[in-house]
Number of protein chains: 2
Amino acid sequence: MPSFLEQASDAIRQSGGRMTGQRQIIVNLLESATGQLDVDDLHRLARKQDQHISLATVYRTLNVLEDAGLIQPRYQSPEHEHKYYERVGSGQVYHFTCRVCRKIIPFHSELIQELKHHLSKQLDLEVLNACVCLDGLCPECQKQQAQTDR
Amino acid sequence: MPSFLEQASDAIRQSGGRMTGQRQIIVNLLESATGQLDVDDLHRLARKQDQHISLATVYRTLNVLEDAGLIQPRYQSPEHEHKYYERVGSGQVYHFTCRVCRKIIPFHSELIQELKHHLSKQLDLEVLNACVCLDGLCPECQKQQAQTDR
DNA sequence: GTGAATGCAAACCCTTTGCAATGTT
DNA sequence: AACATTGCAAAGGGTTTGCATTCAC
């Protein structure tokens with residue numbers, strides 16, 4: 001199994017592109033990321049390795065990787081205030097955002113997989129990406145709301 | 001059951017706001033909308049009733065209604081290229097977007113309701129809004145792809 | 001009459017793009 | 001050497017905002 005960097009190099013070269021130092025840095029950040037990285041995270045982290053890497057380069061690299069089908073943009077709340085990037089096929093974690101305290105609660109559910117299967121069978125759709133973002137009230141803010149309602 | 005216009009008037013007044021002619025037009029458009037209206041749709045349609053209504057007013061009105069909890073912004077594809085507005089509680093239709101031909105296929109699924117229940121029971125979350133956007137290949141584009149792969 | 005809402009234009013934020021310089025192959 | 005990529009700064013697109021005027025209450 002090739003590393004993500006190898007995958008990315010191959011994919012980029014295949015389409016006539018080149019693997020540069022800046023791109024390597026960004027690819028490695030995306031590979032090692034435990035969490036979800038947004039453009040500014042990537043820019044900030046990349047600068048630690050290359051002082052002069054520009055935001056434009058981060059954007060361009062992300063677009064190249066997205067076009068190559070290696071990463072996908074994702075969101076955490078229905079308002080889509082936070083866009084981040086993730087490797088395709090990385091274990092899908094979905095997110096619930098509290099409307100009051102903005103806390104983000106990740107969750108996983110087999111129901112989403114089930115939904116994909118249903119659509120495949122019933123409507124003959126091949127689902128490649130699913131955005132499932134929820135929001136509402138977290139347990140703590142539900143309690144607080146109940147109190148102020150009194 | 002009060003009309004949407006009455007609901008909106010009440011909610012706006014309750015927060016110290018005022019119901020204006022422009023806001024009435026927009027509220028009525030949102031009520032009678034069969035489909036999904038985006039900002040430009042609303043602006044265009046509103047202009048037919050009031051030549052001089054500005055885009056800023058449409059935006060401000062939508063924000064007021066959203067803050068009042070009467071409408072919600074929604075999206076059709078995971079890329080979130082198209083933002084539209086919908087009354088809260090209106091029959092939830094979700095969307096699948098074909099990556100190739102950009103066709104949009106609406107669908108409904110009880111699995112989403114089930115997901116909300118699961119989260120309520122397991123994590124004690126009160127889900128108020130769910131964004132479920134899928135994309136991939138529609139039946140036609142799957143066939144075409146199979147052909148070019150040959 | 002008071003203060004909220006409007007229209008306009010300018011400001012904003014995030015993202016993309018044109019261009020000369022640099023780096024990869 | 002050819003040409004893709006970079007950094008910079010400027011341009012873009014969609015949304016918000018400051019201000020004087022208008023309008024709802």
Side-chain angles (χ1 to χ4, degrees), chain A residues 5-6 8-27 29 36-44 46-47 49-68 71-85, chain B residues 5-6 8-29 36-44 46-47 49-68 70-85:
Chain A
L5 183 55
E6 287 169 340
S9 298
D10 290 350
I12 288 173
R13 292 225 180 76
Q14 204 124 34
S15 58
R18 292 166 187 180
M19 176 51 73
T20 66
Q22 290 95 326
R23 289 182 175 180
Q24 281 191 31
I25 291 172
I26 294 166
V27 166
L29 286 171
Q36 285 86 25
L37 300 177
D38 62 26
V39 174
D40 287 325
D41 292 331
L42 286 164
H43 187 216
R44 193 165 29 74
R47 265 181 193 280
Q49 297 176 56
D50 176 351
Q51 294 272 328
H52 299 298
I53 195 167
S54 75
L55 192 53
T57 295
V58 177
Y59 275 110
R60 283 191 275 232
T61 301
L62 289 171
N63 287 338
V64 166
L65 295 173
E66 189 182 348
D67 289 346
I71 62 173
Q72 280 179 330
R74 300 190 62 74
Y75 300 84
Q76 295 186 327
S77 80
E79 285 77 30
H80 296 156
E81 49 206 10
H82 188 217
K83 183 180 191 175
Y84 65 91
Y85 285 86
Chain B
L5 183 54
E6 287 168 340
S9 297
D10 290 350
I12 288 173
R13 292 223 181 75
Q14 204 124 34
S15 58
R18 292 165 188 182
M19 177 50 74
T20 65
Q22 291 94 327
R23 289 182 174 181
Q24 282 191 31
I25 291 172
I26 294 166
V27 166
N28 283 330
L29 286 171
Q36 285 87 26
L37 299 177
D38 63 26
V39 174
D40 288 325
D41 292 331
L42 286 165
H43 187 216
R44 194 166 26 77
R47 265 181 193 280
Q49 298 177 55
D50 175 351
Q51 295 271 328
H52 299 299
I53 195 167
S54 74
L55 191 53
T57 295
V58 177
Y59 275 110
R60 282 190 275 233
T61 300
L62 289 171
N63 287 338
V64 166
L65 295 174
E66 189 182 348
D67 290 345
L70 295 167
I71 61 172
Q72 283 180 329
R74 299 189 63 73
Y75 300 85
Q76 294 187 328
S77 80
E79 285 77 30
H80 297 156
E81 47 206 11
H82 188 217
K83 183 180 191 175
Y84 65 91
Y85 285 86

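So you know, we letter chains A, B, ... as the sequences are listed, proteins then strands, and number each from 1.
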Next item on the list: Answer yes or no: is there a side-chain heavy-atom contact under 4.5 Å between B:Val39 and B:Tyr85?
Entry: yes
Check: To the nearest angstrom, how far is A:Leu55 atom CG from D:dT5 atom P?
Finding: 18 Å
Next item on the list: Report the distance from atom CD of B:Glu81 to atom C1' of D:dT15, rounded to the nearest whole Å.
Entry: 18 Å
Item checked: Residue pair B:Ile12, B:Arg18: steps toward the side-chain contact (heavy atoms from CB on, under 4.5 Å) verdict -> CA-CA 6 Å; B:Ile12 288 173; B:Arg18 292 165 188 182; 5.5 Å; no
Margin query: Nearest whole Å is fine: how far is D:dT6 P from A:Ile26 CD1?
Written below: 7 Å
Item checked: Nearest-neighbour nucleotide for the B:Asn63 side chain, D:dG7, D:dT16, C:dT6 considered -> D:dT16
Notebook entry, point to check: Do B:Arg23 and B:Val64 have side chains that get closer than 4.5 Å, going by heavy atoms?
Noted result: yes
Next item on the list: Rounded off to whole Å, could you give me the NE2-to-C1' distance for the A:His82 and C:dC13 pair?
Entry: 15 Å
Check: How long is the line joining CG of B:Asp40 and C1' of D:dG14, in whole Å?
Finding: 9 Å
Next item on the list: Tell me, with the steps shown, if B:Gln76 and B:Gln36 meet side-chain contact (heavy atoms from CB on, under 4.5 Å).
Entry: CA-CA 10 Å; B:Gln76 294 187 328; B:Gln36 285 87 26; 3.7 Å; yes
Check: Of all the choices, C:dG7, D:dT5, D:dG7, which nucleotide is nearest to the side chain of A:Ile12 once you look at every atom?
Finding: D:dT5
Note to self: Could you check whether atom CD of A:Glu81 has more than 12 heavy atoms from other residues, nucleotides or ligands sitting under 6.0 Å from it?
What the structure shows: yes
Next item on the list: Nearest whole angstrom, please: distance from the P of D:dG13 to the OH of B:Tyr59.
Entry: 13 Å
Next item on the list: Would you give a per-nucleotide map of nucleotides 18-25 of chain C, 5' to 3', where B means the base has a protein non-hydrogen atom under 4.0 Å away, S means only the sugar-phosphate does, and - means neither?
Entry: B----BBS
Item checked: Separation of D:dA24 P from B:Ile25 CD1 (nearest whole Å) -> 12 Å
Check: For the residue pair A:Tyr75 and B:His80, is the inter-centroid distance of their aromatic rings smaller than 6.0 Å?
Finding: yes
Note to self: Is the phosphate of D:dA4 approached by A:Arg23 (side-chain N or O, under 4.0 Å from OP1 or OP2)?
What the structure shows: no
Next item on the list: Report yes if the side chains of B:Arg13 and B:Met19 come closer than 4.5 Å at any heavy-atom pair, otherwise no.
Entry: yes
Check: Whole Å only: how far is the CG atom of B:Leu62 from the P atom of C:dT6?
Finding: 11 Å
